[in-house]
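Hydrogens, waters and symmetry mates play no part in the numbers below; they use all other heavy atoms, side chains included.
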Amino acid sequence: MRPSQRVGIKEVARTAGVSIGTVSNVLNRPELVSPSTRSLVMSVIDSLGYVRLAGARQLRGSASSQLLALYGVDVADPRDAALAAGVERAAEEAGLGVLMCGGGREAGRMRHDVGLLASYQVRGVVIAAFPETERAVAACIEQGVACVVAGQGMEAAGMCSVAVDDHIGGRAAAAHLLAQGHRSVVVVSVPGSDPLMRQRYQGAMECLNEFRDGALRVTELATEDASVGAGRDAGQRLLAVAPRPTAVLCFHDLPALGLMQVLHEAGVRVPHDVAVAGYEDLAFAAAAAVPLTSVRWPARTLGMRAGRLLIEHTAQGTHQHVHEVLTPELVVRRSTLSTPM
(Lines give C-alpha, C1' and ligand atoms only; values in the text may rest on other atoms or scores of the structure.)
Protein backbone atom coordinates (compact mmCIF):
# COMPACT_ATOMS: atom_id res chain seq x y z
CA MET A 1 0.00 0.00 0.00
CA ARG A 2 2.32 2.76 -1.20
CA PRO A 3 0.82 6.24 -1.41
CA SER A 4 -1.18 6.43 -4.63
CA GLN A 5 -1.26 9.39 -7.02
CA ARG A 6 -3.57 11.95 -5.45
CA VAL A 7 -6.46 13.71 -7.11
CA GLY A 8 -5.63 17.23 -8.32
CA ILE A 9 -7.64 20.44 -8.42
CA LYS A 10 -8.05 20.13 -12.21
CA GLU A 11 -9.87 16.81 -11.85
CA VAL A 12 -12.14 18.30 -9.19
CA ALA A 13 -13.00 21.21 -11.51
CA ARG A 14 -13.59 18.91 -14.51
CA THR A 15 -15.84 16.54 -12.53
CA ALA A 16 -17.87 19.40 -11.02
CA GLY A 17 -18.14 21.21 -14.35
CA VAL A 18 -16.68 24.45 -12.99
CA SER A 19 -13.47 26.40 -13.48
CA ILE A 20 -10.27 25.81 -11.54
CA GLY A 21 -10.68 29.33 -10.14
CA THR A 22 -14.09 28.40 -8.73
CA VAL A 23 -12.66 25.37 -6.96
CA SER A 24 -9.86 27.56 -5.59
CA ASN A 25 -12.41 30.05 -4.29
CA VAL A 26 -14.44 27.30 -2.63
CA LEU A 27 -11.31 26.22 -0.77
CA ASN A 28 -9.85 29.63 0.01
CA ARG A 29 -12.59 32.29 -0.35
CA PRO A 30 -15.91 30.42 -0.04
CA GLU A 31 -17.85 33.65 0.57
CA LEU A 32 -17.33 34.49 -3.13
CA VAL A 33 -19.14 31.34 -4.29
CA SER A 34 -22.88 30.65 -4.20
CA PRO A 35 -24.08 28.08 -1.64
CA SER A 36 -25.27 25.68 -4.36
CA THR A 37 -21.91 25.76 -6.16
CA ARG A 38 -20.02 25.37 -2.88
CA SER A 39 -22.14 22.34 -2.04
CA LEU A 40 -21.54 20.81 -5.49
CA VAL A 41 -17.76 21.31 -5.36
CA MET A 42 -17.45 20.04 -1.80
CA SER A 43 -19.42 16.89 -2.67
CA VAL A 44 -17.04 16.24 -5.59
CA ILE A 45 -14.02 16.86 -3.35
CA ASP A 46 -15.41 14.37 -0.86
CA SER A 47 -16.25 11.71 -3.47
CA LEU A 48 -12.86 11.98 -5.22
CA GLY A 49 -10.85 12.10 -2.01
CA TYR A 50 -9.07 15.32 -2.99
CA VAL A 51 -6.37 16.36 -0.51
CA ARG A 52 -4.93 19.89 -0.40
CA LEU A 53 -1.15 19.72 -0.44
CA ALA A 54 -0.57 22.47 2.08
CA GLY A 55 3.01 21.41 2.57
CA ALA A 56 3.89 21.04 -1.09
CA ARG A 57 5.85 24.25 -1.29
CA GLN A 58 8.13 23.25 1.54
CA LEU A 59 8.51 19.69 0.29
CA ARG A 60 8.68 20.28 -3.46
CA GLY A 61 11.86 18.83 -4.93
CA SER A 62 12.36 16.33 -2.09
CA ALA A 63 12.56 12.68 -3.07
CA SER A 64 10.38 11.83 -0.08
CA SER A 65 9.02 13.45 3.05
CA GLN A 66 11.24 13.82 6.07
CA LEU A 67 8.29 13.32 8.40
CA LEU A 68 6.53 10.34 9.91
CA ALA A 69 3.17 10.84 11.58
CA LEU A 70 1.93 9.25 14.81
CA TYR A 71 -1.86 9.15 15.06
CA GLY A 72 -4.22 8.46 17.96
CA VAL A 73 -1.91 9.12 20.91
CA ASP A 74 -2.57 10.95 24.17
CA VAL A 75 0.80 12.15 25.44
CA ALA A 76 -0.70 12.52 28.93
CA ASP A 77 -1.05 8.73 28.96
CA PRO A 78 2.28 7.19 30.09
CA ARG A 79 1.84 4.25 27.71
CA ASP A 80 1.28 6.50 24.70
CA ALA A 81 4.18 8.72 25.74
CA ALA A 82 6.50 5.70 25.82
CA LEU A 83 5.18 4.50 22.45
CA ALA A 84 5.79 7.96 20.99
CA ALA A 85 9.35 7.92 22.34
CA GLY A 86 9.93 4.65 20.50
CA VAL A 87 8.62 6.03 17.20
CA GLU A 88 10.77 9.14 17.64
CA ARG A 89 13.81 6.96 18.25
CA ALA A 90 13.23 5.04 15.00
CA ALA A 91 12.73 8.31 13.12
CA GLU A 92 15.89 9.79 14.63
CA GLU A 93 17.92 6.81 13.46
CA ALA A 94 16.75 7.49 9.91
CA GLY A 95 17.22 11.26 10.11
CA LEU A 96 13.48 11.90 10.10
CA GLY A 97 11.07 13.86 12.28
CA VAL A 98 7.71 12.90 13.80
CA LEU A 99 4.44 14.79 13.58
CA MET A 100 2.03 13.75 16.37
CA CYS A 101 -1.74 13.91 16.01
CA GLY A 102 -4.07 13.07 18.90
CA GLY A 103 -6.89 12.30 16.52
CA GLY A 104 -10.65 12.08 16.83
CA ARG A 105 -12.77 9.02 17.36
CA GLU A 106 -15.49 9.70 14.79
CA ALA A 107 -15.09 8.37 11.27
CA GLY A 108 -15.51 11.83 9.73
CA ARG A 109 -12.91 13.33 12.04
CA MET A 110 -10.45 10.53 11.26
CA ARG A 111 -10.84 11.11 7.54
CA HIS A 112 -10.22 14.82 8.07
CA ASP A 113 -7.18 14.17 10.27
CA VAL A 114 -5.60 11.73 7.83
CA GLY A 115 -6.30 14.14 4.99
CA LEU A 116 -4.52 16.88 6.90
CA LEU A 117 -1.51 14.63 7.45
CA ALA A 118 -1.55 13.70 3.77
CA SER A 119 -1.61 17.39 2.83
CA TYR A 120 1.81 17.71 4.41
CA GLN A 121 2.98 14.67 2.47
CA VAL A 122 4.06 12.67 5.51
CA ARG A 123 5.96 9.54 4.56
CA GLY A 124 3.44 7.39 6.44
CA VAL A 125 1.46 7.04 9.65
CA VAL A 126 1.98 4.91 12.76
CA ILE A 127 -1.51 4.35 14.19
CA ALA A 128 -1.61 3.71 17.94
CA ALA A 129 -4.19 1.05 18.82
CA PHE A 130 -7.53 2.33 20.13
CA PRO A 131 -11.14 1.13 19.79
CA GLU A 132 -11.57 2.66 16.31
CA THR A 133 -8.23 1.60 14.84
CA GLU A 134 -9.86 -0.13 11.88
CA ARG A 135 -11.57 3.10 10.83
CA ALA A 136 -8.28 4.99 11.04
CA VAL A 137 -6.64 2.35 8.85
CA ALA A 138 -9.53 2.61 6.37
CA ALA A 139 -9.03 6.39 6.21
CA CYS A 140 -5.34 5.88 5.41
CA ILE A 141 -6.08 3.31 2.72
CA GLU A 142 -8.75 5.55 1.18
CA GLN A 143 -6.33 8.45 0.89
CA GLY A 144 -3.31 6.44 -0.21
CA VAL A 145 -1.28 6.97 2.96
CA ALA A 146 1.01 4.15 4.11
CA CYS A 147 0.38 3.03 7.68
CA VAL A 148 1.54 0.63 10.39
CA VAL A 149 -0.62 -0.26 13.40
CA ALA A 150 1.15 -0.30 16.77
CA GLY A 151 -0.45 -2.26 19.60
CA GLN A 152 -3.05 -4.29 17.76
CA GLY A 153 -2.65 -7.10 15.25
CA MET A 154 -4.18 -6.26 11.87
CA GLU A 155 -3.32 -8.62 9.04
CA ALA A 156 -4.75 -6.45 6.29
CA ALA A 157 -3.11 -6.77 2.90
CA GLY A 158 -0.45 -4.20 2.07
CA MET A 159 0.40 -3.06 5.58
CA CYS A 160 2.39 -4.04 8.67
CA SER A 161 1.36 -4.27 12.31
CA VAL A 162 3.08 -4.79 15.64
CA ALA A 163 1.00 -6.11 18.52
CA VAL A 164 1.48 -7.21 22.12
CA ASP A 165 0.08 -10.57 23.22
CA ASP A 166 -2.06 -9.25 26.08
CA HIS A 167 -3.84 -12.59 26.31
CA ILE A 168 -0.59 -14.16 27.51
CA GLY A 169 -0.02 -11.21 29.83
CA GLY A 170 -3.40 -11.65 31.48
CA ARG A 171 -2.77 -15.35 31.95
CA ALA A 172 0.66 -14.70 33.47
CA ALA A 173 -0.72 -12.29 36.06
CA ALA A 174 -3.54 -14.64 37.10
CA ALA A 175 -1.21 -17.66 37.22
CA HIS A 176 1.16 -15.75 39.49
CA LEU A 177 -1.58 -15.04 42.03
CA LEU A 178 -2.65 -18.68 41.97
CA ALA A 179 0.96 -19.80 42.43
CA GLN A 180 1.17 -17.58 45.51
CA GLY A 181 -1.66 -19.62 47.01
CA HIS A 182 -4.52 -17.17 46.57
CA ARG A 183 -7.95 -18.77 46.30
CA SER A 184 -10.13 -15.66 46.64
CA VAL A 185 -9.35 -13.27 43.81
CA VAL A 186 -10.98 -10.00 42.74
CA VAL A 187 -10.72 -9.04 39.07
CA VAL A 188 -11.07 -5.29 38.43
CA SER A 189 -12.31 -5.18 34.83
CA VAL A 190 -12.93 -2.39 32.34
CA PRO A 191 -15.94 -3.29 30.16
CA GLY A 192 -16.13 -1.83 26.68
CA SER A 193 -14.53 -2.10 23.30
CA ASP A 194 -10.87 -1.45 24.16
CA PRO A 195 -9.17 -4.45 22.50
CA LEU A 196 -6.15 -4.41 24.85
CA MET A 197 -8.24 -4.54 28.03
CA ARG A 198 -10.45 -7.21 26.51
CA GLN A 199 -7.50 -9.47 25.73
CA ARG A 200 -6.02 -9.05 29.22
CA TYR A 201 -9.34 -9.89 30.81
CA GLN A 202 -9.91 -12.91 28.58
CA GLY A 203 -6.45 -14.30 29.29
CA ALA A 204 -6.80 -13.92 33.05
CA MET A 205 -10.29 -15.39 33.19
CA GLU A 206 -9.24 -18.30 31.00
CA CYS A 207 -6.44 -19.12 33.44
CA LEU A 208 -8.70 -18.80 36.48
CA ASN A 209 -11.43 -20.92 34.88
CA GLU A 210 -8.94 -23.65 34.04
CA PHE A 211 -7.75 -23.86 37.64
CA ARG A 212 -9.42 -26.98 39.03
CA ASP A 213 -9.74 -26.19 42.71
CA GLY A 214 -13.19 -26.06 44.25
CA ALA A 215 -11.94 -23.56 46.81
CA LEU A 216 -11.22 -20.88 44.21
CA ARG A 217 -13.57 -17.89 44.42
CA VAL A 218 -13.44 -15.13 41.78
CA THR A 219 -15.26 -11.82 42.20
CA GLU A 220 -15.47 -9.25 39.40
CA LEU A 221 -15.64 -5.50 40.03
CA ALA A 222 -16.35 -3.56 36.83
CA THR A 223 -15.12 0.03 36.44
CA GLU A 224 -15.94 2.72 33.91
CA ASP A 225 -12.34 3.29 32.84
CA ALA A 226 -8.72 2.61 33.71
CA SER A 227 -8.09 5.62 35.97
CA VAL A 228 -6.92 6.19 39.53
CA GLY A 229 -10.43 7.37 40.39
CA ALA A 230 -11.95 4.16 39.03
CA GLY A 231 -9.48 2.21 41.15
CA ARG A 232 -10.46 4.13 44.27
CA ASP A 233 -14.12 3.35 43.58
CA ALA A 234 -13.27 -0.34 43.14
CA GLY A 235 -11.31 -0.20 46.41
CA GLN A 236 -14.34 1.10 48.30
CA ARG A 237 -16.48 -1.71 46.90
CA LEU A 238 -13.78 -4.23 47.71
CA LEU A 239 -13.91 -3.25 51.38
CA ALA A 240 -17.58 -4.26 51.41
CA VAL A 241 -16.91 -7.78 50.05
CA ALA A 242 -17.14 -10.43 52.75
CA PRO A 243 -15.20 -12.49 53.40
CA ARG A 244 -12.44 -10.21 52.18
CA PRO A 245 -10.56 -11.53 49.10
CA THR A 246 -6.83 -12.04 49.47
CA ALA A 247 -5.77 -10.83 46.00
CA VAL A 248 -6.75 -8.25 43.39
CA LEU A 249 -5.85 -8.22 39.71
CA CYS A 250 -6.15 -4.94 37.80
CA PHE A 251 -5.64 -4.70 34.04
CA HIS A 252 -3.92 -1.31 34.28
CA ASP A 253 -1.56 0.18 36.87
CA LEU A 254 -3.61 3.35 37.45
CA PRO A 255 -6.64 1.54 38.95
CA ALA A 256 -4.22 -0.58 41.00
CA LEU A 257 -2.71 2.60 42.45
CA GLY A 258 -6.13 4.05 43.34
CA LEU A 259 -7.21 0.78 44.92
CA MET A 260 -4.04 0.56 47.04
CA GLN A 261 -4.63 4.13 48.25
CA VAL A 262 -8.06 3.17 49.56
CA LEU A 263 -6.75 0.00 51.21
CA HIS A 264 -3.99 1.98 52.94
CA GLU A 265 -6.49 4.57 54.19
CA ALA A 266 -8.67 1.76 55.59
CA GLY A 267 -5.73 0.13 57.39
CA VAL A 268 -5.67 -2.88 55.06
CA ARG A 269 -2.08 -3.92 54.47
CA VAL A 270 -0.67 -4.68 51.03
CA PRO A 271 0.44 -7.42 50.54
CA HIS A 272 -0.09 -8.95 54.01
CA ASP A 273 -3.88 -8.62 53.97
CA VAL A 274 -4.53 -8.20 50.24
CA ALA A 275 -2.09 -8.74 47.36
CA VAL A 276 -2.43 -6.38 44.37
CA ALA A 277 -1.19 -6.84 40.79
CA GLY A 278 -1.38 -4.31 37.96
CA TYR A 279 -0.65 -4.21 34.24
CA GLU A 280 1.62 -2.13 31.95
CA ASP A 281 4.43 -1.51 34.47
CA LEU A 282 4.28 2.26 34.27
CA ALA A 283 7.18 4.23 35.72
CA PHE A 284 5.57 4.70 39.13
CA ALA A 285 4.90 0.97 39.64
CA ALA A 286 8.39 0.26 40.97
CA ALA A 287 8.46 3.55 42.91
CA ALA A 288 5.16 3.11 44.77
CA ALA A 289 5.23 2.92 48.58
CA VAL A 290 4.61 -0.80 48.10
CA PRO A 291 6.33 -1.67 44.78
CA LEU A 292 3.66 -3.00 42.45
CA THR A 293 3.78 -6.35 40.68
CA SER A 294 2.83 -5.62 37.09
CA VAL A 295 2.89 -7.02 33.56
CA ARG A 296 5.36 -4.95 31.57
CA TRP A 297 3.81 -3.73 28.32
CA PRO A 298 6.73 -2.98 25.94
CA ALA A 299 5.40 0.36 24.68
CA ARG A 300 8.75 1.91 23.72
CA THR A 301 9.90 -1.23 21.90
CA LEU A 302 6.52 -1.39 20.18
CA GLY A 303 6.79 2.19 18.92
CA MET A 304 10.38 1.73 17.80
CA ARG A 305 9.58 -1.41 15.82
CA ALA A 306 6.48 0.13 14.24
CA GLY A 307 8.46 3.21 13.22
CA ARG A 308 11.20 1.10 11.64
CA LEU A 309 8.67 -0.99 9.73
CA LEU A 310 7.00 2.15 8.40
CA ILE A 311 10.35 3.51 7.22
CA GLU A 312 11.13 0.19 5.52
CA HIS A 313 7.64 0.12 3.99
CA THR A 314 7.98 3.57 2.42
CA ALA A 315 11.61 3.22 1.28
CA GLN A 316 12.47 2.53 -2.33
CA GLY A 317 12.66 -1.14 -3.22
CA THR A 318 10.76 -4.23 -2.16
CA HIS A 319 9.34 -4.68 1.30
CA GLN A 320 7.68 -7.76 2.75
CA HIS A 321 4.84 -6.83 5.08
CA VAL A 322 5.00 -8.46 8.49
CA HIS A 323 2.70 -8.77 11.50
CA GLU A 324 4.81 -9.06 14.63
CA VAL A 325 3.66 -9.96 18.13
CA LEU A 326 5.66 -8.95 21.21
CA THR A 327 5.40 -10.85 24.49
CA PRO A 328 4.78 -8.90 27.71
CA GLU A 329 6.80 -9.73 30.83
CA LEU A 330 5.52 -10.29 34.37
CA VAL A 331 7.57 -8.22 36.83
CA VAL A 332 7.08 -9.52 40.36
CA ARG A 333 7.44 -7.04 43.23
CA ARG A 334 6.48 -6.82 46.89
CA SER A 335 2.76 -6.10 46.37
CA THR A 336 2.08 -9.82 45.75
CA LEU A 337 4.83 -11.57 47.70
CA SER A 338 3.14 -12.16 51.06
CA THR A 339 1.60 -15.49 52.04
CA PRO A 340 -2.20 -15.07 51.84
CA MET A 341 -4.19 -15.16 55.05
### Task
Without swapping roles, check the side chain of D166 against the backbone of G169 for a donor-acceptor pair under 3.5 Å.
no

### Task
Find out if a path of hydrophobic residues (ILVMFWY) with successive side-chain heavy-atom gaps under 4.5 Å connects V228 to F251.
no

### Task
For side chain to side chain contact (heavy atoms under 4.5 Å, CB included), just list the numbers for L238 and V262, CA-CA rounded to whole Å, side-chain angles, deciding distance to a tenth of an Å, and then say yes or no.
CA-CA 10 Å; L238 172 66; V262 170; over 6 Å; no

### Query
Distance from L196 atom CG to H167 atom NE2, nearest 0.5 Å?
14.0 Å

### Query
Of all heavy-atom pairs between V98 and A91, which one has the smallest distance, and what is that distance?
CG2-CB, 3.5 Å

### Query
Is V331 reachable from L254 through a run of hydrophobic residues whose side-chain heavy atoms are each under 4.5 Å from the next?
no

### Query
Is there a side-chain contact between E329 and V295 (heavy atoms, below 4.5 Å)?
no

### Query
Applying the side-chain contact (heavy atoms from CB on, under 4.5 Å) test to R305, which of V162, V148, V87, L326 qualifies?
V162

### Residues T293 and H176: side-chain donor-acceptor under 3.5 angstrom
no

### Query
Is the backbone N or O of V33 less than 3.5 Å from a side-chain atom of T37, with the two atoms forming a donor-acceptor pair by type?
no

### CA sep, side-chain torsions, deciding dist, call: R183, D213, salt bridge (charged side-chain N to carboxylate O under 4.0 Å, His left out)
CA-CA 8 Å; R183 296 298 178 265; D213 186 333; 3.1 Å; yes

### Any V270 side-chain heavy atom under 4.5 Å of S335 side chain
yes

### Message
Testing the 3.5 Å rule here: is there a donor-acceptor pair between the side chains of S19 and T22?
### Response
yes

### Task
Enter the distance from S161:OG to H321:NE2 here, rounded to the nearest 0.5 Å.
11.0 Å

### Query
Roughly how far apart are L117 CG and M100 CE, rounded to 0.5 Å?
12.5 Å

### Task
Examine distances only and state if a side-chain atom of R333 and a backbone atom of L292 form a donor-acceptor pair shorter than 3.5 Å.
yes

### Message
Using every non-hydrogen atom in the two residues, find where P191 and S189 come nearest and quote the distance to one decimal.
### Response
CD-O, 3.6 Å

### Cationic N near anionic O, under 4.0 Å, R200 to E280
yes

### Query
So, R217 and S184: side-chain donor and acceptor under 3.5 Å apart, yes or no?
yes

### Message
Quick check: closest heavy atoms across A234 and L221, and the distance to 0.1 Å?
### Response
O-CD1, 3.6 Å

### Message
Looking at every heavy atom in both V164 and P328, which two are closest together, and how far apart are they?
### Response
CG1-CD, 3.8 Å

### Task
Inspect the surroundings of CD in Q202 and state if more than 12 heavy atoms from other residues, nucleotides or ligands are less than 6.0 Å away.
yes

#### Entry: Pair Y279-D253, side chain to side chain donor-acceptor pair (under 3.5 Å): steps then yes or no
CA-CA 5 Å; Y279 204 111; D253 288 344; over 6 Å; no

### Query
Should F211 and V185 be counted in the same cluster of Ile, Leu, Val, Met, Phe, Trp and Tyr side chains packed under 4.5 Å apart?
yes

### Query
Does L178 reach the side chain of L208, with side-chain heavy atoms less than 4.5 Å apart?
yes

### Summary
Correct closest heavy-atom pair for V274 and P245 would be CG2-O, 3.5 Å

### Query
Can you tell if the side chain of V188 reaches within under 4.5 Å of the side chain of V248, non-hydrogen atoms only?
yes

#### Entry: Joint cluster assignment, L216 & L249, ILVMFWY side-chain distance < 4.5 Å
yes

### Task
Report yes if some heavy atom in the side chain of C147 is under 4.5 Å from a heavy atom in the side chain of V137; otherwise report no.
yes

### Query
Side chains of V26 and M42: does their closest heavy-atom pair fall under 4.5 Å?
yes

### Query
Shortest non-hydrogen contact from L239 to A266?
CD1-CB, 3.7 Å

### Summary
Value for CG (D233) from CD (E224), rounded to nearest 0.5 Å, stands at 8.0 Å

### Query
Taking only residues two or more places apart in sequence, or in another chain, which ones meet R308 in a salt bridge (charged side-chain N to carboxylate O under 4.0 Å, His left out)?
E93

### Query
Considering only heavy atoms from C-beta outward, does the side chain of V18 approach that of V23 to under 4.5 Å?
yes

### Query
Which value, rounded to the nearest 0.5 Å, describes the distance between D113 atom CG and C101 atom SG?
4.5 Å

### Task
State yes or no: do V276 and M197 share one hydrophobic cluster built from I, L, V, M, F, W and Y residues joined by side-chain heavy-atom distances below 4.5 Å, directly or via other members?
no

#### Entry: Check against side chain to side chain contact (heavy atoms under 4.5 Å, CB included), L257 and L282
CA-CA 11 Å; L257 175 62; L282 302 179; over 6 Å; no

### Which residues share a salt bridge (charged side-chain N to carboxylate O under 4.0 Å, His left out) with E210, sequence neighbours left out
R171

### Message
What verdict does the side chain to side chain contact (heavy atoms under 4.5 Å, CB included) test give for R300 and R89, after you've listed the backbone C-alpha separation in whole Å, the side-chain angles of each residue and the deciding distance to 0.1 Å?
### Response
CA-CA 9 Å; R300 184 181 175 89; R89 176 62 177 169; 4.2 Å; yes

### Task
Enter the distance from T301:OG1 to E324:CD here, rounded to the nearest 0.5 Å.
11.0 Å

### Message
Could you check whether any side-chain N or O of D80 sits under 3.5 Å from a backbone N or O of V73, counting only pairs where one atom can act as donor and the other as acceptor?
### Response
no

### Query
Are any non-hydrogen side-chain atoms of L99 and L68 less than 4.5 angstrom apart?
no

### Query
Cut-off 3.5 Å, side chains only: do E220 and Y201 have a donor facing an acceptor?
yes

### Task
Run the numbers on D281 and W297 for side chain to side chain contact (heavy atoms under 4.5 Å, CB included), then give the verdict.
CA-CA 7 Å; D281 195 32; W297 205 78; over 6 Å; no

